[in-house]
Trainee: 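Pasting a structure here, questions to come.
Just so you know, these numbers use all the heavy atoms, side chains as well, and skip hydrogens, waters and symmetry mates.
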Amino acid sequence: MITLDDIRARDAADPLAQFRDRFDLPEGVNYLDGNSLGPLPKSTLPRMHSVLSEEWGRDLITSWNRHDWIGFPRRLGAKISQLIGAKPEEVLAVDTASINIFKLLSAAIQLNPGRRTILSESGNFPTDVYMIEGLASVTGGQVEQKLVEPEEIEAALNEDVAVLLLPHTHYKSGRVHDMQRITEKAQAVGALVIWDLCHTVGALPVDLNASHADFAVGCGYKYLNGGPGAPAFLFCAERHQDKVFPVLSGWLGHSKPFDFVDEFQPAPGIQRFQCSSPSILGLAALECGVDITIEAGMEALREKSITLCELFITLVESRTTGFTLASPRDATVRGSQISFAHEHGYPIMQALISRGVIGDFRAPNLLRFGFTPLYVRYEDVWNAVDVLVDIMATQAWDTPEFHARAAVT
Ligand SMILES: *Cc1c(COP(=O)(O)O)cnc(C)c1O
């Protein structure tokens with residue numbers, strides 16, 4: 001039996017404990033949804049204040065040079081590269097994950113002419129497969145989407161596959177694909193791979209170059225705590241960069257944007273994937289989140305993430321009934337989130353939220369909880385399960401108010 005004293009001892013010995021104070025967490029909130037929207041770092045407010053009042057307000061347009069706004073997407077990309085096993089010049093912090101997926105899908109089909117298939121898995125995060133549909137439509141049927149079950153990916157790899165697009169960590173279950181193995185299998189038949197790291201970056205260590213990855217994208221507003229709608233990032237292996245004509249060939253991807261010439265000449269390297277003026281405010285906020293993650297270190301974060309998740313599974317399974325684990329039991333193939341299926345998942349989650357335990361619901365029946373080791377304590381896991389046990393015992397979830405569906409779940 002685990003006791004509250006054991007839990008408190010774990011918190012007292014936690015080497016990451018000091019990081020909780022870096023965040024502005026509201027009183028009375030047990031935040032288990034950092035996998036959807038990370039909370040506000042305390043450093044972000046003063047940083048935004050200075051970007052607004054000094055860089056924008058006072059220095060105005062000179063800031064493009066004076067504060068190197070123009071180099072910000074590459075500078076921040078270089079920081080993010082440390083979290084994902086990339087070289088600094090292989091990552092650009094820019095646009096959104098969806099847009100970056102489109103850019104990289106287009107790059108991959110250019111590098112693999114004559115192949116028709118863009119392969120992905122069913123049950124993937126919707127935007128990923130929707131972007132494939134969009135790209136297929138502009139090629140007038142030259143390429144088409146093929147979706148197979150996650151276990152059938154390797155069998156579906158053949159010489160017609162131009163590119164494989166897969167989530168590294170699945171958004172619902174937290175299941176992690178074997179990046180090295182799948183990349184190797186795909187490349188063996190000449191396919192390229194795009195890894196979606198949205199639920200991986202900042203949650204678990206990953207080594208793109210050790211896996212000989214081709215391309216990747218990731219998200220800034222989840223585990224990196226970059227704020228709502230934060231810029232995303234893209235990774236393009238150095239060996240591919242100069243072979244790609246960027247499909248969104250905007251002026252800032254030009255080799256000499258300030259020559260203002262008629263013809264597009266791609267910039268060397270990763271810069272060609274920049275299309276528009278970077279979102280300076282968004283990048284400044286994202287940098288605050290990235291800096292904290294780098295300081296904490298991915299290995300320490302991963303270690304604590306696993307113990308938080310294990311504790312949650314143990315407590316839920318020993319203290320409740322009716323909840324079925326929908327995440328892998330084996331921590332080595334699981335990200336930093338735990339999902340449980342329950343037939344009344346939606347109202348139960350609303351009841352939890354009303355009591356300050358914030359997770360989320362994913363259709364059709366999943367309660368999803370993100371365990372973000374930067375600020376979640378072992379005691380928070382304990383308290384969340386206490387509230388869950390109470391809601392189930394009292395049937396507090398079964399009210400009309402908690403059954404009503406909101407627009408965002
Ligand atoms: C969150 C998420 C996205 C987000 O896409 P945006 O275009 O940045 O909104 C994309 N893919 C996956 C797998 C995600 O989890």
Side-chain angles (χ1 to χ4, degrees), residues 2 6-7 10-11 14 16 20 29-39 123 125 150 167-177 197-206 219 222-223 298 301-353 355-392 397 409:
I2 305 168
D6 302 333
I7 300 287
R10 286 201 205 179
D11 278 322
D14 173 12
L16 295 176
R20 180 175 168 87
V29 166
N30 189 345
Y31 196 60
L32 305 180
D33 213 355
N35 54 309
S36 262
L37 176 66
F125 190 81
H168 180 242
T169 305
H170 195 270
Y171 76 104
K172 274 191 187 169
S173 65
R175 176 224 61 215
V176 173
H177 272 306
L197 304 180
C198 285
H199 283 269
T200 296
V201 64
L204 56 154
V206 65
C219 193
K222 292 172 179 158
Y223 292 94
M298 285 316 305
L301 289 169
R302 176 64 170 160
E303 199 175 310
K304 182 176 170 193
S305 148
I306 290 174
T307 36
L308 288 169
C309 290
E310 301 284 355
L311 176 65
F312 185 68
I313 295 173
T314 305
L315 292 175
V316 170
E317 292 190 335
S318 61
R319 298 189 60 198
T320 66
T321 54
F323 291 90
T324 310
L325 183 65
S327 297
R329 199 168 284 281
D330 174 0
T332 62
V333 289
R334 191 180 65 216
S336 202
Q337 66 207 52
I338 299 293
S339 295
F340 276 100
H342 191 288
E343 58 173 328
H344 303 301
Y346 187 79
I348 293 169
M349 182 52 77
Q350 303 321 300
L352 283 168
I353 293 170
R355 304 261 304 258
V357 179
I358 305 193
D360 58 24
F361 171 80
R362 286 292 174 265
N365 61 354
L366 293 183
L367 296 107
R368 187 175 67 159
F369 302 89
F371 294 95
T372 43
L374 281 173
Y375 48 86
V376 173
R377 297 165 298 197
Y378 295 98
E379 193 166 344
D380 296 319
V381 176
W382 175 275
N383 291 338
V385 178
D386 252 3
V387 174
L388 180 65
V389 167
D390 185 67
I391 284 170
M392 299 315 291
W397 57 270
T409 64

Trainee: Using side chain to side chain contact (heavy atoms under 4.5 Å, CB included), reason through Ile348 and Leu388 one step at a time and then give a plain yes or no.
Mentor: CA-CA 8 Å; Ile348 293 169; Leu388 180 65; 3.8 Å; yes
Trainee: Which is it for His342 and Leu367 under the side chain to side chain contact (heavy atoms under 4.5 Å, CB included) test, yes or no, and what are the steps along the way?
Mentor: CA-CA 7 Å; His342 191 288; Leu367 296 107; 3.8 Å; yes
Trainee: Can you find a heavy atom in the side chain of Leu352 that is under 4.5 Å from one in the side chain of Phe369?
Mentor: yes
Trainee: So which atom in Arg302 and which in Ala331 form the shortest heavy-atom distance, rounded to 0.1 Å?
Mentor: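 That would be NH2-O, 2.8 Å.
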Trainee: What's the spacing between Leu37 CG and Cys219 SG if we round to 0.5 Å?
Mentor: 9.5 Å
Trainee: So, applying side-chain contact (heavy atoms from CB on, under 4.5 Å) with Pro347, which one of Met349, His344, Gln350 is it?
Mentor: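 With Pro347 as partner, side-chain contact (heavy atoms from CB on, under 4.5 Å) holds for just one option, His344.
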Trainee: Test salt bridge (Lys or Arg N to Asp or Glu O under 4.0 Å) on Glu317 and Arg329; report intermediate values, then the result.
Mentor: CA-CA 12 Å; Glu317 292 190 335; Arg329 199 168 284 281; 2.8 Å; yes
Trainee: Do other residues, nucleotides or ligands put more than 12 heavy atoms under 6.0 Å from Glu379 CD?
Mentor: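 Yes - once you tally the heavy atoms of other residues, nucleotides and ligands closer than 6.0 Å, there are more than 12.
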Trainee: Run the side chain to side chain contact (heavy atoms under 4.5 Å, CB included) check on Val316 and Ile338 step by step: do they pass?
Mentor: CA-CA 11 Å; Val316 170; Ile338 299 293; over 6 Å; no
Trainee: Would the distance check show the side chain of Arg334 and the main-chain N or O of Pro328 forming a donor-acceptor pair, the cut-off being under 3.5 Å?
Mentor: yes
Trainee: Within the side chain of Gln337, is there an N or O that forms a donor-acceptor pair under 3.5 Å with the backbone of Arg368?
Mentor: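 Pair absent, no side-chain N/O of Gln337 close to backbone of Arg368.
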Trainee: Which heavy atom of Gly34 sits nearest to which heavy atom of Tyr375, and what is that distance?
Mentor: CA-OH, 3.2 Å
Trainee: In terms of ring plane angle, is the pair Phe323 and Phe340 parallel, tilted or perpendicular, where the classes change at 30° and 60°?
Mentor: perpendicular
Trainee: Let me confirm one number: the CD1-CH2 distance from Ile7 to Trp382, rounded to the nearest 0.5 Å.
Mentor: 6.0 Å
Trainee: Would you please classify the geometry between the Tyr171 ring and the Phe125 ring as parallel, tilted or perpendicular, with 30° and 60° separating the classes?
Mentor: perpendicular
Trainee: For residues Thr169 and Gly335, report the shortest heavy-atom separation together with the two atoms involved.
Mentor: CG2-CA, 3.8 Å
Trainee: Within the structure provided, determine whether Ser305 and Phe371 are in side-chain contact (heavy-atom separation under 4.5 Å).
Mentor: no
Trainee: Hey, is the main chain of Lys304 close enough, under 3.5 Å, to the side chain of Thr307 for a donor-acceptor pair?
Mentor: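 Side chain of Thr307 to backbone of Lys304, a donor-acceptor pair under 3.5 Å: yes, one is there.
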Trainee: With side chains defined as the heavy atoms from C-beta onward, is the minimum distance between Leu301 and Leu204 less than 4.5 Å?
Mentor: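 In short, these two side chains do not touch, never coming nearer than 4.5 Å.
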Trainee: If every non-hydrogen atom of Pro167 is compared with every non-hydrogen atom of His177, which pair is closest and at what distance?
Mentor: O-CD2, 3.3 Å
Trainee: Quick one: does Asn30's side chain have a donor or acceptor within less than 3.5 Å of a partner on Asp380's backbone?
Mentor: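 At least one qualifying donor-acceptor pair exists.
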Trainee: Measure from the side-chain N and O atoms of Ser339 to the backbone N and O of Lys172, and report whether any donor-acceptor pair falls under 3.5 Å.
Mentor: yes
Trainee: Side-chain contact, heavy-atom cut-off 4.5 Å: Phe312 with Leu308?
Mentor: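 A side-chain contact is absent here, since even the closest heavy-atom pair is not under 4.5 Å.
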Trainee: Classify the angle between the aromatic ring planes of His199 and Tyr223 as parallel (below 30°), tilted (30 to 60°) or perpendicular (above 60°).
Mentor: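 Judged by the thresholds at 30° and 60°, the geometry between His199 and Tyr223 is perpendicular.
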Trainee: Decide yes or no for Arg175 and Ser327: does some side-chain heavy atom of the first lie under 4.5 Å from some side-chain heavy atom of the second?
Mentor: no
Trainee: With side chain to side chain contact (heavy atoms under 4.5 Å, CB included) as the test, would you mind laying out the steps for Ser36 and Lys222 before giving the verdict?
Mentor: CA-CA 5 Å; Ser36 262; Lys222 292 172 179 158; 5.7 Å; no
Trainee: Mind listing the closest non-hydrogen atom pair of Ile353 and Gly359 along with its distance?
Mentor: CD1-O, 3.8 Å
Trainee: Do Val387 and Ile391 touch side chain to side chain, with heavy atoms closer than 4.5 Å?
Mentor: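 Yes, close enough: below the 4.5 Å cut-off.
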Trainee: Report yes if some heavy atom in the side chain of Arg10 is under 4.5 Å from a heavy atom in the side chain of Asp14; otherwise report no.
Mentor: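 When only atoms from C-beta onward are counted, Asp14 and Arg10 do not touch, as no gap falls below 4.5 Å.
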Trainee: Taking the side chain as everything from C-beta on, heavy atoms only, tell me whether Leu32 gets closer than 4.5 Å to Ile358.
Mentor: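 Not in contact.
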Trainee: For the atom pair CG (Leu315) and CD1 (Ile2), what is the distance rounded to the nearest 0.5 Å?
Mentor: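 The distance works out to 5.0 Å.
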Trainee: Under 3.5 Å, side chain of Asp390 to main-chain N/O of Asp386, donor-acceptor pair present?
Mentor: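 Between the backbone of Asp386 and the side chain of Asp390 there is no qualifying donor-acceptor contact (under 3.5 Å).
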